[in-house]
Chemist: 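Okay, here's the structure, questions in a sec.
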Amino acid sequence: SVETVFKGHTDYIRSIEFHSHLPWLISTSDDQTIRIWNFQSRKQIACLTGHTHYVMCARFIDDKIFASVSLDQTIRIWDYSALVTKSQKS
């Protein structure tokens with residue numbers, strides 16, 4: 001049976017990845033967004049934009065940055081440390 005359903009993307013989802021120790025997952029989509037979710041609270045933490053074409057995948061690198069790859073022919077490195085700090089306060 002399905003335990004949790006996360007809704008937010010408005011087009012096909014290309015990939016998901018779980019963080020190594022935070023209760024987070026990251027998803028990428030043809031809607032050109034990257035979303036970070038807390039799977040324990042079942043809430044979206046962030047919706048990140050910047051790519052101009054489908055976002056094919058994203059990978060957590062460490063506790064501060066992740067990388068994303070898009071069909072817009074770019075690799076973007078994102079600093080998400082402020083999200084970690086914010087989530088620890090709430």
Side-chain angles (χ1 to χ4, degrees):
S1 70
V2 175
E3 185 174 312
T4 304
V5 175
F6 295 97
K7 291 187 176 186
H9 286 295
T10 59
D11 208 336
Y12 296 113
I13 296 170
R14 292 289 179 161
S15 71
I16 66 164
E17 179 178 84
F18 287 87
H19 194 279
S20 63
H21 61 274
L22 293 173
W24 290 10
L25 65 89
I26 192 168
S27 59
T28 63
S29 172
D30 286 2
D31 67 9
Q32 303 176 16
T33 67
I34 301 159
R35 294 175 191 255
I36 300 176
W37 312 84
N38 182 316
F39 61 81
Q40 286 180 337
S41 69
R42 298 181 171 117
K43 293 185 179 177
Q44 181 177 290
I45 296 169
C47 177
L48 305 167
T49 60
H51 284 293
T52 59
H53 209 307
Y54 303 158
V55 186
M56 302 306 289
C57 70
R59 298 285 184 264
F60 290 109
I61 296 170
D62 60 24
D63 286 343
K64 295 181 181 175
I65 60 172
F66 71 86
S68 61
V69 178
S70 170
L71 289 183
D72 65 12
Q73 302 176 340
T74 65
I75 299 169
R76 293 178 185 246
I77 306 298
W78 304 78
D79 180 342
Y80 69 96
S81 58
L83 297 174
V84 174
T85 303
K86 182 179 177 183
S87 73
Q88 289 171 344
K89 290 180 181 179
S90 51

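Positions are given from 1 along the sequence. Predicted model, so just to flag it, every value in this text is computed and none were measured.
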Chemist: Ignoring hydrogens, what is the shortest heavy-atom contact between Asp79 and Ser81? Give both atom names and the distance.
Modeler: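 The answer is OD1-OG, 2.6 Å.
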Chemist: Looking only at heavy atoms, which two atoms of Ala58 and Ser15 are closest? And how far apart?
Modeler: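 So the minimum-distance heavy-atom pair works out to N-OG, 3.8 Å.
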Chemist: Only one of Phe39, Trp24, Trp37, Phe60 forms a side-chain contact (heavy atoms from CB on, under 4.5 Å) with Phe18, so which one is it?
Modeler: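 So the option named by the test is Phe39.
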Chemist: Does atom CD1 of Ile75 have more than 12 heavy-atom neighbours from other groups under 6.0 Å away?
Modeler: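 Open.
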Chemist: Can you tell me how far apart CD1 (Ile16) and CZ (Arg35) are? Round to the nearest 0.5 Å.
Modeler: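 With rounding to 0.5 Å, CD1 (Ile16) is 14.5 Å from CZ (Arg35).
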Chemist: Find the distance between CZ (Arg42) and CD (Glu3) and round it off to the nearest 0.5 Å.
Modeler: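 The distance works out to 5.5 Å.
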Chemist: Give a yes or no answer on whether the side chain of Thr28 reaches the backbone of Val55 with a donor-acceptor pair at less than 3.5 Å.
Modeler: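 At least one qualifying donor-acceptor pair exists.
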Chemist: How far apart are the C-alpha atoms of His19 and Asp63, what are their side-chain angles, what is the distance that settles it, and do they pass the side chain to side chain contact (heavy atoms under 4.5 Å, CB included) test?
Modeler: CA-CA 9 Å; His19 194 279; Asp63 286 343; 3.1 Å; yes
Chemist: Drop me the distance from Arg59's CZ to Ile26's CD1, to the nearest 0.5 angstrom.
Modeler: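 Arg59 CZ to Ile26 CD1: 9.5 Å, rounded to 0.5 Å.
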Chemist: Might you point out which heavy atoms bring Lys43 and Phe6 nearest each other, and give the distance in Å?
Modeler: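 Where Lys43 meets Phe6 most closely, the heavy atoms are N-CE2, 4.3 Å.
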Chemist: Is it possible for you to say whether Tyr54 and Ile13 belong to one hydrophobic cluster, with membership spreading through side-chain heavy-atom contacts below 4.5 Å?
Modeler: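 No: no chain of side-chain contacts under 4.5 Å links Tyr54 to Ile13.
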Chemist: Any ion pair linking Arg14 and Asp30 (charged N to carboxylate O, less than 4.0 Å)?
Modeler: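 Answer for the salt bridge query: yes.
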Chemist: Using side-chain heavy atoms (C-beta onward) and a distance below 4.5 Å, is Phe66 in contact with Leu48?
Modeler: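 A side-chain contact exists here, since the closest heavy-atom pair is under 4.5 Å.
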Chemist: Is it the case that the side chain of Arg76 and the backbone of Gly50 share a donor-acceptor pair, with hydrogens and angles ignored and the cut-off at 3.5 Å?
Modeler: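 Looks like yes, one N/O pair under 3.5 Å.
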Chemist: Distance from His51 atom NE2 to Ser70 atom OG, nearest 0.5 Å?
Modeler: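 That separation rounds to 5.0 Å.
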Chemist: Do the non-hydrogen side-chain atoms of Thr49 and Gln32 ever get within less than 4.5 Å of each other?
Modeler: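 When only atoms from C-beta onward are counted, Gln32 and Thr49 do not touch, as no gap falls below 4.5 Å.
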Chemist: Nearest 0.5 Å please: distance from the CD1 atom of Ile65 over to the OH atom of Tyr80.
Modeler: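 Interatomic distance, Ile65 CD1 to Tyr80 OH, rounded to 0.5 Å: 8.5 Å.
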